[in-house]
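Computation of the quantities below employed the complete heavy-atom set of this structure, encompassing side-chain atoms and omitting hydrogens, waters and symmetry-equivalent molecules. Start at 1 and go down the list; that is how both ligands and their atoms are numbered.
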Amino acid sequence: MMSTQNVFIIGATGNVGSELFHQIELFDKPELGKHQNPTRIIGIADSQSYFFTEAGIHVANLDSTTLNSHDWMCKRIKGLLMCQGKPFGNSGLEELLHQVRFNGLDGEVIFIDATTGGQELLEFHKAVIKTSANSIVTANKNPVALSTMDDFQTLTADRHRYGMRSTIMAGADTVVDIMDFYDTSDHIESIEGCFSGSLGYICSMLEDGDAVFSQILREALEDGLTEPDPRDDLNGLDVARKLVIIARCLNFPVCIEDVSVNSFIDLEKYESVRSVEEFLEATKQEDEYFANLLTSARNDGKKLRYVGRIKIEEKNIKMSLGLELLDPDSSLATLRGAKNKITIFSAIHRNGYMIEADGAGAEVTANGIRRDLLPMLQHRRCGMYSI
Ligand SMILES: NC(=O)c1ccc[n+]([C@@H]2O[C@H](COP(=O)([O-])OP(=O)(O)OC[C@H]3O[C@@H](n4cnc5c(N)ncnc54)[C@H](OP(=O)(O)O)[C@@H]3O)[C@@H](O)[C@H]2O)c1
């Protein structure tokens, strides 16, 4: 019997959320005949309000001319929330669960977390997993990286109800493969990776030598390659959260404080600097340091990379990250630009198991979320695409 996979997108007005809406509208239509149970959007929310309708939410006039018009989709979703949205009440996000229950849909909805939220999203994830039969797919790292290990285990106890592949490398296979290695008892000995698109881009630009550090940083910000405040990339904490998720998938009860973080530049020096503009101006102090570093790297034939490392010995795990000068034949030395790469060394994969992919971008991340939705589809079929 034909039924639908109902999704509720939280963070639908953001880069990832609106792109996800776009992709579901374009590619998960029942008339394409790909799946017996196509995906249907029954709810959208941002931080202020939500719109829920069992009938499904569609945006009219979606055609090939709007195929790549991300801004257009974002405006339409904001418009929908403005006209038909209901402001969150005192119970906050839990109201979404009440709505689903009230409409008899408990157990039939997948909530998608495409937000940047912290504690409130963690509480919501826990409420969904513990008090309902619904599921979660998240691109937001916070609930799995900044929570306790107990919370992590609660959330991920049933893999079929909790998808988080898009929390690392924008949905490439890292999370899924690491969990598979653990479940098949392939003992992982070490992991090395470049997990930051923005820091990878900066390293590549420094290597090209056409601009100084402060200029590269400014251009990366202007091109949308860094967080709105680039200090949020340079402090390394985004990469640290990814290392925590990987370690937790391997059943190590670690938290963010266990990662030895060497930030890309010494940010303590800039503690008194407030605005982003002031910070960009102040980073001119770093230009000479990086120019000298790159000259000596070039002379020695080395490559500059911001590397995350995990080393496992017996029951001990060490996690670290920082700038490194790598030999040109090392697996991470071949990386260019914003791409990410991870190499896993295990008892079985002694020569290194590698995954290389775009590490950021709304399009790939939304695709990663849809890949997490696939195993949750009832009666997913393989290679048989007509109804
Ligand atoms: N962009 C990428 O390439 C990428 C790749 C992998 C993973 N991710 C992750 O995906 C998530 C979304 O990224 P993004 O770039 O799309 O961010 P974004 O453009 O800033 O969008 C964030 C969205 O979340 C909503 N939101 C924030 N806090 C909320 C809360 N407490 N409750 C409900 N909604 C809330 C925002 O609504 P308001 O506008 O009302 O605040 C907005 O709709 C982040 O966690 C990010 O780390 C992003």
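The residue among G14, A360, P228 with a heavy atom at the shortest distance from atom 18 (P) of ligand 1 is G14. With distances taken over non-hydrogen atoms, the option nearest atom 33 (C) of ligand 1 out of T116, I369, D46 is D46.
In this structure, a donor-acceptor pair under 3.5 Å is absent between the side chains of E95 and Q99. Using modelled atom types, one finds no donor on one side chain facing an acceptor on the other under 3.5 Å when comparing N134 with R161. Side-chain contact of T365 with S166: a donor-acceptor pair under 3.5 Å is absent, judged by distance alone. Checking Q5 against D28 by side-chain atom types alone, no donor-acceptor pair falls below 3.5 Å. No side-chain donor from either of E192 and T343 sits under 3.5 Å from a side-chain acceptor of the other. Under 3.5 Å, the side chains of D186 and S346 contain a donor-acceptor pair of N or O atoms.
Counting atoms of ligand 1 from 1 in the listed order, those under 4.0 Å from a heavy atom of G361 are 2 (C), 3 (O). Numbered from 1 in the order shown, with element, the atoms of ligand 1 that lie under 4.0 Å from a heavy atom of T13 read 37 (O), 39 (O), 42 (C), 43 (O). Distances below 4.0 Å separate heavy atoms of G11 from the following atoms of ligand 1: 23 (C), 24 (O), 25 (C), 43 (O). Ligand-side atoms of ligand 1 in range of S166: 6 (C), 7 (C), range being under 4.0 angstrom from any heavy atom. Heavy-atom proximity to N140, at under 4.0 Å, picks out these atoms of ligand 1: 45 (O). Contact atoms of ligand 1 toward E120: 31 (N) (distance under 4.0 Å to a heavy atom of the residue). Atoms of ligand 1 found under 4.0 Å from any heavy atom of K141, numbered from 1 in the order shown, are 47 (O). Applying the 4.0 Å criterion to heavy atoms of I10 picks out, from ligand 1, the atoms 33 (C).
The closest protein non-hydrogen atom to atom 38 (P) of ligand 1 is S47 OG, 3.4 Å. When hydrogens are left out, the protein atom nearest atom 26 (N) of ligand 1 is T115 CB, 3.7 Å; that is the closest non-hydrogen contact. For atom 16 (O) of ligand 1, the closest non-hydrogen atom of the protein is V16 N, 2.8 Å.
Contact annotation: the side chain of I42 approaches that of R40 to within less than 4.5 Å [non-hydrogen atoms, C-beta and beyond]. Inter-residue side-chain proximity for M205 and D210 is flagged as unmet; no heavy-atom pair is nearer than 4.5 Å.
The backbone of A114, and not its side chain, has at least one atom closer than 4.0 Å to an atom of ligand 1 (non-hydrogen atoms only; backbone = N, CA, C, O). Contacts with ligand 1 closer than 4.0 Å are made by no heavy atom of V364, backbone or side chain. Only the side chain of T365 comes within 4.0 Å of ligand 1, counting heavy atoms alone; its backbone N, CA, C and O stay farther away. Heavy atoms of D238 found under 4.0 angstrom from ligand 1: none, in either backbone or side chain. For A45, no heavy-atom contact with ligand 1 is shorter than 4.0 Å.
When each of T138, I246, D113 is paired with T167, the side-chain contact (heavy atoms from CB on, under 4.5 Å) condition holds for T138 and for no other.
A single hydrophobic cluster is not seen to contain both V364 and L26; linkage of ILVMFWY side chains at heavy-atom distances under 4.5 Å, directly or through other members, places them apart.
Figure legend: cation-pi geometry between R350 and F345 absent, as NZ or CZ is not positioned both under 6.0 Å from the six-membered ring centre and within 45° of its axis.
Every heavy atom of N142 sits 4.0 Å or more from the atoms of ligand 1.
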